[in-house]
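Count residues from 1 along the sequence. FYI, side chains are in, hydrogens and waters are out, and symmetry mates aren't considered; it's all heavy atoms of this structure.
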Amino acid sequence: MGDLPVNPLVLIGVGSSFAFSGLFYHLYKGKKEELKKLKEIPVFKPDQHLVKVLKASPHRRLQYVAVEGLVQADGESLASQFVPRCYGVIQKIAVEEQWKFWNSLTKTWNSRTINRKETNNSVPFSLVSPGAFINDLYVKVQNPLEASGCYLDRVYFKRSRAEKGLADMVMNGITGEEPVAMEVSEELLRVGSTLTGYGEVVLEGGQVMRLQAPQDGRKFILVPTDHRSFMDGHEKSASMWKTLSAVTGITGAAILTKVICGLVGNQDGKSKKA
């Protein structure tokens with residue numbers, strides 16, 4: 001065992017390369033399966049074609065589809081509290097304090113967030129077809145706060161240094177903690193932005209369409225982009241995992257081939273000497 005012909009670090013490198021290759025391939029297969037399911041979802045825009053499909057569907061309902069459109073407030077929109085002439089339909093304002101405290105075990109300063117306060121506001125809104133001059137057809141989005149997805153755009157962020165008073169100095173002396181900064185951020189789903197919603201669409205009356213959470217348990221998702229860009233992002237992600245799987249696999253195979261060639265060469269050298 002002491003005369004091991006191969007460096008253990010080389011064996012670890014070979015094993016790690018093949019392990020990472022397998023992991024990346026697993027992620028690639030998962031992403032391809034997700035892409036396959038996404039491509040099976042019908043895509044619509046708020047137009048007459050969607051109305052006709054709904055009228056021809058059982059119960060005037062489409063169980064799971066994607067609807068792409070521009071965000072439009074049904075009434076008065078929400079104005080940004082920090083950015084002039086910036087309006088949205090969903091608003092989230094977060095205020096939090098950053099504190100640091102002394103860790104006596106590691107002898108270092110660590111940070112933490114406390115007193116986080118978050119305010120959420122929303123107004124009813126709909127999706128309208130891009131390029132439509134008359135928005136007589138629209139899809140109302142029901143309970144958007146229940147949807148998943150990172151569809152808010154951060155329009156404001158400010159970090160200001162905390163002002164230390166006498167009370168803070170006393171607290172620092174007692175607990176080893178002191179305020180560092182105050183952070184304020186605002187996020188909006190802006191009026192006029194492109195949004196793609198995945199969910200159930202129902203036709204009410206003759207023209208009123210509503211996008212809502214599916215009744216079959218599938219996810220209600222809002223995506224802050226058009227459908228094509230959303231699919232392109234998934235395609236690029238799948239391609240990245242596939243490339244990483246190939247690169248790590250080829251690297252492991254190359255190292256293993258070099259090791260085997262080295263062992264064969266050593267054996268041949270010993271045979272000639274013998």
How are the rings of His234 and Phe230 set relative to one another: parallel (under 30°), tilted (30 to 60°) or perpendicular (over 60°)?
-> perpendicular

Heavy-atom neighbours of Tyr64 OH exceed 12 at 6.0 Å = yes

Between Arg218 (side chain) and Glu200 (backbone), is there a donor-acceptor pair under 3.5 Å?
-> no

Kindly say whether Gln81 contributes a backbone atom to a donor-acceptor pair with the side chain of Glu186 at under 3.5 angstrom?
-> yes

Please check if the side chain of Ser245 supplies one atom and the backbone of Trp241 the other of a donor-acceptor pair under 3.5 Å.
-> no

With the threshold set at 4.0 Å, does a side-chain nitrogen-carboxylate oxygen contact exist between Asp232 and Arg228?
-> yes

Measure the acute angle between the ring planes of His227 and Tyr198, then classify it against the limits of 30° and 60° as parallel, tilted or perpendicular.
-> tilted

Would one find more than 12 heavy atoms of other residues, nucleotides or ligands at under 6.0 Å from atom CD of Glu118?
-> yes

Nearest heavy-atom neighbours spanning Leu222 and Gly197 | CD2-CA, 3.8 Å

Does atom OH of Tyr156 have more than 12 heavy-atom neighbours from other groups under 6.0 Å away?
-> yes

First locate atom CZ of Phe20, then atom CG of Leu244, and finally report the distance between them rounded to the nearest 0.5 Å.
-> 10.5 Å

Smallest separation among heavy atoms of Val83 and Val155, with atom names | CG2-O, 3.4 Å

Just grab all the side chain to side chain donor-acceptor pair (under 3.5 Å) pairs involving residues 33-55, residues at least two apart or on different chains.
-> Lys31-Glu34, Lys39-Glu235

So, does Ser17 use its side chain to make a donor-acceptor pair with the main chain of Gly13 at under 3.5 Å?
-> yes

